[in-house]
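Just so you know, residue 1 is the first one in the sequence shown, and it goes up from there.
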Amino acid sequence: MQFSIPLLVCLFFLSVPLRADCEFSDSSWQQVKSKQQVELYRRKTDSAVDDVMAKTTISSDLSAFILLLRDTEQGPNWIANARQITLLERPQSNQDLVHSVFNAPWPVHDRDLVTLSHYEQDPDTLALTLTVEDASDALPEIPGIVRLQGVWARWTLTPLPAGQLVICYQGSADAAGNVPHWLANRMLLEGTFKTFVALRKILVTPDYQNKPLRDIREPLEKIPNDT
């Protein structure tokens, strides 16, 4: 059974080609909601649980998004259902090994996942792509919590004129355990939407804006301070 939760991604990714904006070439994507400046889509799969895609446009730096994802203490404040997010290791400057724990409604057991992420930037378009791969073997399973498997996800950040940024997320994962299909789909859609609504609010705060990272090229060519 597959199971998608918002941001099961947050920092983890599967190696895929760099692309601009969301991937709509597959006509099987169906729009579920367009509200509060968030577009939400689902795609049927061979299993009974959907893939999810969400998209929003916001005024933001590229670096701000990476800074937010790496602010693990803030994760539960905007990532729907997240209880705790812990950075385990940073193998390289653009990689993060992360353990995330998610609350699930009774009687479903809480879920966790271990993922390795990395981000890359297109030198021509400046689009930033973050991809996630499952890294479950990096941490023993925790009693009473079900480990998500087969995680895949991608964030794509595409700069637009006037400081605008298109943020797109696509993802899914294997829930393991006996999760009803209707519940997995409901959590997938509701959680992803809530996460994007919260993302729009927290990303624009001074904690993350105007703090360019040295390995990310901003459209306005902002130069980071020496640290």
Side-chain angles (χ1 to χ4, degrees), residues 5-13 21 35-40 54-103 112-122 126-132 153-171 191-227:
I5 51 182
L7 264 290
L8 46 133
V9 316
C10 196
L11 292 164
F12 347 107
F13 302 79
D21 209 339
K35 189 176 181 180
Q36 296 181 256
Q37 297 181 283
V38 175
E39 298 176 26
L40 186 66
K55 176 182 177 182
T56 192
T57 301
I58 189 172
S59 178
S60 174
D61 300 336
L62 288 164
S63 297
F65 185 77
I66 301 299
L67 290 171
L68 175 59
L69 290 184
R70 286 182 161 177
D71 189 354
T72 55
E73 291 186 2
Q74 283 292 332
N77 293 328
W78 66 280
I79 300 171
N81 306 319
R83 183 205 306 174
Q84 183 177 12
I85 299 174
T86 304
L87 176 66
L88 301 178
E89 185 182 355
R90 183 162 292 152
Q92 298 183 27
S93 63
N94 66 337
Q95 294 182 331
D96 295 272
L97 181 66
V98 175
H99 176 232
S100 301
V101 181
F102 295 90
N103 295 318
D112 75 344
L113 70 160
V114 183
T115 49
L116 177 65
S117 74
H118 75 273
Y119 60 84
E120 301 177 47
Q121 186 172 32
D122 188 303
L126 303 188
L128 195 67
T129 300
L130 302 94
T131 53
V132 62
R154 179 175 71 242
W155 290 92
T156 307
L157 287 73
T158 306
L160 297 178
Q164 296 293 294
L165 189 67
V166 178
I167 301 177
C168 180
Y169 164 73
Q170 294 174 255
T192 302
F193 181 76
K194 289 178 181 179
T195 294
F196 261 69
V197 170
L199 169 65
R200 290 186 53 83
K201 294 178 180 179
I202 194 170
L203 184 61
V204 298
T205 63
D207 288 340
Y208 308 107
Q209 297 296 324
N210 299 310
K211 297 180 179 180
L213 296 172
R214 185 163 296 280
D215 61 345
I216 294 179
R217 182 180 164 198
E218 299 287 346
L220 298 180
E221 298 293 342
K222 295 180 179 179
I223 305 299
N225 296 324
D226 290 328
T227 57

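For the atom pair CG of L199 and NZ of K194, the computed distance is 16.0 Å after rounding to the nearest 0.5 Å. Put simply, CG on L62 and OG1 on T158 are 9.0 Å apart, with the number rounded to the nearest 0.5 Å. Here the OG1 atom belonging to T195 is positioned 11.5 Å from the CD1 atom belonging to I202, to the nearest 0.5 angstrom. One distance of note links NE2 of H99 with CD of E89; it measures 15.0 Å at 0.5 Å rounding.
Listed by chain and residue number, S60, D61, L203, Y208, Q209 satisfy the side chain to side chain contact (heavy atoms under 4.5 Å, CB included) test with A64 (two or more places apart in sequence, or in another chain). Partners of Q37 under the side-chain hydrogen bond (donor to acceptor under 3.5 Å, both in side chains) rule, at least two apart in sequence or in another chain, are R200. In this structure, the side chain to side chain contact (heavy atoms under 4.5 Å, CB included) partners of R83, at least two apart in sequence or on a different chain, are V101, N103, D110, I145. Judged as a side-chain hydrogen bond (donor to acceptor under 3.5 Å, both in side chains), and not counting sequence neighbours, D207 has no contacts. In this structure, the side chain to side chain contact (heavy atoms under 4.5 Å, CB included) partners of T86, at least two apart in sequence or on a different chain, are Q84, L88. For T57, the side chain to side chain contact (heavy atoms under 4.5 Å, CB included) test picks out L160, Q164, V166, with sequence neighbours left out. In this structure, the side-chain hydrogen bond (donor to acceptor under 3.5 Å, both in side chains) partners of D215, at least two apart in sequence or on a different chain, are Y119.
Classification of the W155-F196 ring pair by plane angle, with boundaries at 30° and 60°, yields parallel.
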